[in-house]
Amino acid sequence: MDAEAIVKELRGTYGTGKTKSYEWRVSQLKALFKIAENHEKEITDALYSDLSKPELEAFIHEISMMKTACKLALKELKRWMKPEKVKTSLTSFPSSAEIVPEPLGVVLVISAWNYPFLLSLDPVIGAIAAGNAVVLKPSEIAPATSSVLAKLLGQYMDVSAIRVVEGAVPETTALLEQKWDKIFYTGNGKVGRIVLAAAAKHLTPVVLELGGKSPVVVDSNIDYKIAVRRIIAGKWGCNNGQACISPDYIITTKENVPKLLDAMKQELEKFYGKDPLKSGDLSRIVNANHFQRLSKLLDDKKVVDKVVHGGQRDEDNLKISPTILLDVPEDSLIMKEEIFGPLLPIITVNKVEDSIQFINAREKPLAAYLFTSNKKLEEEFVMNISAGGLLINDTTLQVALSTLPFGGVGESGMGSCHGKFSFDSFSHKKAVLRRSFAGDVPARYPPYTTGKARFLKALLNGDILGLIRALIGW
Ligand code: NAD
């Protein structure tokens with residue numbers, strides 16, 4: 001792979017103006033859609049090989065979401081591309097003004113392993129819709145999906161403007177040395193900092209889609225069964241907890257714990273059986289490194305006696321069962337880093353309102369969830385918790401709504417994606433002011449006389465009487 005040569009070639013294509021046309025964008029979006037439509041089995045098999053991802057999760061969370069994003073872009077593209085007329089003022093009278101979205105140029109998408117199909121193609125859809133040439137670098141930690149993406153994009157897409165570069169750190173480093181017009185990175189914050197530093201050299205703007213510890217606050221006045229099912233769906237039903245917006249920990253009051261725990265145990269057994277390590281409905285841990293990382297969190301001396309459910313591990317098959325820990329110390333490893341796996345600690349507070357302070361004392365998460373029927377608490381939560389996104393009485397569904405921006409704040413990232421937000425992330429909003437030769441105001445030109453000054457001051461202050469006086473020389 002010669003990163004410099006690839007960027008040079010794509011820059012050449014972009015320079016011809018080809019990627020800017022509506023027709024080219026539509027043809028490439030349709031080609032992407034066909035990839036998902038024609039190769040569903042191949043993609044599902046690759047996701048199974050990389051993560052043992054259950055077929056239904058692969059379809060709903062990756063293939064279908066990617067197809068929906070594609071369909072939306074195709075449906076809305078004309079509207080998104082249309083210049084937006086805006087108001088003008090007396091200063092430029094007579095004139096018209098508009099905001100023209102223009103592509104940025106040649107952009108780089110670096111994606112992560114946990115949703116390797118969706119996280120690769122969702123930003124690519126935005127980049128193409130906005131009229132850019134794009135290089136995609138999928139994650140080497142999901143090698144089967146990376147290879148399917150390279151093969152299918154090579155077959156279906158216009159390779160003079162859209163490329164897949166496979167590889168790990170050396171290849172990504174070589175790509176990051178190039179000058180890009182935007183970098184869209186999904187992954188952990190440590191690498192996010194490397195991306196940001198590389199981008200700074202060329203003054204390249206970036207979107208960083210990172211993670212964090214997303215809390216779930218559970219109040220007492222709720223339907224426990226439904227709440228627990230929704231927590232399970234967002235945790236273990238999303239790649240066995242290996243999802244950026246999966247619940248990372250629960251906060252509730254001591255009195256709530258027995259009811260909550262009972263409901264969780266019951267529902268978990270209904271969903272995954274008595275031996276969840278054998279369940280076909282749970283993804284495995286992606287690789288031995290991540291298995292060791294999660295094992296270290298569980299083997300931490302500070303939490304070994306805190307496991308109240310699960311805790312089974314099968315190292316040979318990289319499986320960890322849904323595991324709940326109660327009252328882990330705040331300085332334990334599991335509370336210091338993003339868990340990104342099937343472990344779920346429960347933290348207890350005296351009053352449910354105290355959870356707001358607990359969350360705010362930590363880095364801003366990508367998501368925060370609250371289960372309650374108390375409207376006052378809900379309002380307090382919405383007004384006082386800073387997170388990428390909030391969801392009341394459910395988990396993870398915010399990701400499926402293209403009318404909401406998806407992205408982090410602070411440690412959980414910068415910039416956003418999905419629907420029009422992706423289009424905007426890959427566009428420059430160009431300000432265009434149009435004037436004619438009529439209505440030239442001599443007062444703006446030297447020599448600056450007192451009369452001109454009186455006129456201009458009155459004009460800019462919106463002082464109509466002063467304006468009339470200045471005009472008639474009174
Ligand atoms: P990863 O290991 O696949 O890394 C992401 C990308 O960074 C890969 O393409 C990889 O090749 C590249 N990379 C790794 N090390 C690098 C280096 N030293 N220099 C340059 N590039 C390098 O994925 P990950 O980081 O393990 O992903 C998990 C993290 O991503 C979690 O924190 C999760 O919350 C976050 N995430 C966020 C979102 C989101 O949309 N906000 C989605 C998924 C995952």
Side-chain angles (χ1 to χ4, degrees), residues 1 3 50-51 61-62 65-66 69 108-124 126 135-146 149-150 164-178 180 183-199 206-214 234-235 238-248 285-287 289-294 337-341 363-367 387-389 396 398-400 404-418 421-422 425:
M1 189 259 322
D50 286 333
L51 287 143
H61 297 163
E62 303 229 34
M65 276 185 70
M66 177 271 186
L108 174 64
V109 171
I110 304 173
S111 76
W113 53 266
N114 59 329
Y115 287 86
F117 182 74
L118 179 75
L119 295 178
S120 294
L121 295 188
D122 194 58
V124 167
V135 170
L136 164 67
K137 213 301 289 174
S139 175
E140 71 282 12
I141 294 182
T145 312
S146 173
L149 284 166
V164 177
V165 172
E166 287 192 271
V169 178
E171 290 78 7
T172 320
T173 306
L175 287 170
L176 285 172
E177 280 162 7
Q178 310 307 311
W180 302 94
I183 302 175
F184 188 108
Y185 165 80
T186 305
N188 66 76
K190 205 170 137 212
V191 177
R193 284 167 169 81
I194 295 174
V195 170
L196 201 53
V206 297
V207 171
L208 298 179
E209 293 283 352
L210 311 177
K213 290 184 83 61
S214 299
K235 178 74 174 179
C238 283
N239 219 17
N240 207 1
Q242 301 168 102
C244 56
I245 49 168
S246 268
D248 189 274
I285 307 307
V286 68
N287 61 21
N289 283 346
H290 280 275
F291 187 91
Q292 295 309 335
R293 180 183 62 77
L294 289 160
E337 58 179 76
E338 181 183 2
I339 297 170
F340 217 61
E363 297 294 354
K364 295 177 179 181
L366 186 57
T396 65
Q398 74 275 25
V399 75
L404 286 176
F406 186 80
V409 56
E411 280 285 318
S412 54
M414 57 182 76
S416 58
C417 60
H418 288 177
F421 304 100
S422 287
S425 281

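Atoms within a ligand are numbered from 1 in the order they appear, just like the ligands themselves. Starting from 1, each residue takes its place in the sequence as its number. Source: prediction; values computed, not measured.
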* To do: Could you tell me whether W113 and ligand 1 have an N or O pair separated by under 3.5 Å?
  => yes
Quick note on ligand 1: atoms under 4.0 Å from a heavy atom of I141 include exactly 2 (O)
E338, any N or O under 3.5 Å of ligand 1 N or O: yes
Hey, does Y115 sit under 4.0 Å from ligand 1 if you only count heavy atoms?
no
Query raised in the report: Does an N or O anywhere in N114 fall below 3.5 Å from an N or O of ligand 1?
Result: no
Tightest non-hydrogen contact, residues F406 and H418, listed as CB-ND1, 3.3 Å
Contact region, T186 to ligand 1, non-hydrogen atoms below 4.0 Å, reads both
Q) Any sub-3.5 Å donor-acceptor pair from E62's side-chain atoms to L118's backbone N or O? A) yes
Within 4.0 Å of some non-hydrogen atom of L119, the atoms of ligand 1 are 42 (C), 43 (C)
for atom 6 (C) of ligand 1, nearest protein heavy atom and its distance come out as S111 O, 3.5 Å
Here the pair of heavy atoms bringing G192 nearest to L210 is CA-CD2, 4.4 Å
Here the atoms of ligand 1 under 4.0 Å from any heavy atom belonging to I194 are 18 (N)
Where the side chain of K213 meets the backbone of L366, is there a donor-acceptor pair that is under 3.5 Å apart?
-> no
Would the distance check show the side chain of S246 and the main-chain N or O of Q242 forming a donor-acceptor pair, the cut-off being under 3.5 Å?
no
min-distance protein heavy atom vs atom 7 (O) of ligand 1 -> Y185 CE1, 3.4 Å
Atom 41 (N) of ligand 1 has as its nearest protein heavy atom L210 O, 2.7 Å
Atom 40 (O) of ligand 1 has as its nearest protein heavy atom F406 CE2, 3.3 Å
Quiz prompt | L208 side chain reached by T186 side chain, heavy atoms, under 4.5 Å | solution = no
Salt bridge (Lys or Arg N to Asp or Glu O under 4.0 Å) filter on E411, not counting sequence neighbours, yields R193
From the list L51, N287, N114, side-chain contact (heavy atoms from CB on, under 4.5 Å) with I141 holds only for N287
Short version for F340: what comes under 4.0 Å of ligand 1, heavy atoms counted, is side chain
Contact between G408 and ligand 1, counting heavy atoms under 4.0 Å? no
Quiz item: Where does the angle between the aromatic ring planes of F340 and W113 fall among parallel (under 30°), tilted (30 to 60°) and perpendicular (over 60°)?
Solution: perpendicular
L366 heavy atoms within 4.0 Å reach ligand 1 at atoms 41 (N)
Honestly, for C417 the part within reach of ligand 1 (heavy atoms, under 4.0 Å) is neither
The atoms of ligand 1 lying under 4.0 Å from a heavy atom of S139, numbered in the order shown, are 1 (P), 3 (O), 9 (O)
Within the 4.0 Å heavy-atom cut-off, what V195 brings close to ligand 1 is neither
Taking only distance into account, with no hydrogens and no angle test, what donor-acceptor pairs under 3.5 Å do side-chain atoms of residues 170-177 form with protein atoms, sequence neighbours excluded?
{"unit_1": "E171", "atom_1": "OE1", "unit_2": "A168", "atom_2": "N", "d": "2.8"}
{"unit_1": "T172", "atom_1": "OG1", "unit_2": "A168", "atom_2": "O", "d": "2.6"}
{"unit_1": "T173", "atom_1": "OG1", "unit_2": "V169", "atom_2": "O", "d": "2.6"}

Going by the 4.0 angstrom heavy-atom rule, the piece of V169 near ligand 1 is side chain
Distance col, row S422:OG vs F184:CZ, nearest 0.5 angstrom, shows 6.0 Å
among protein heavy atoms, the one nearest atom 10 (C) of ligand 1 is E140 OE1, 3.4 Å
For G187, is at least one N or O under 3.5 Å away from an N or O on ligand 1?
yes
heavy-atom search around atom 25 (O) of ligand 1 in the protein gives N188 ND2, 2.5 Å
Nearest heavy-atom approach of G388 to V409 is N-CG1, 3.7 Å
*asked:* For the backbone of P365 and the side chain of S412, can you confirm whether one donor and one acceptor N or O come within less than 3.5 Å of each other?
replied: yes
Ligand 1 to I110, heavy atom cutoff 4.0 Å, flagged ligand atoms 6 (C), 7 (O), 9 (O)
for atom 14 (C) of ligand 1, nearest protein heavy atom and its distance come out as V191 CG2, 3.8 Å
Pair S214-D248, side chain to side chain donor-acceptor pair (under 3.5 Å): steps then yes or no = CA-CA 5 Å; S214 299; D248 189 274; over 6 Å; no
among protein heavy atoms, the one nearest atom 21 (N) of ligand 1 is T172 CG2, 3.3 Å
Ligand 1 to A112, heavy atom cutoff 4.0 Å, flagged ligand atoms 3 (O), 23 (O), 27 (O)
So OG of S111 and OH of Y185: to nearest 0.5 Å the spacing works out to 10.0 Å
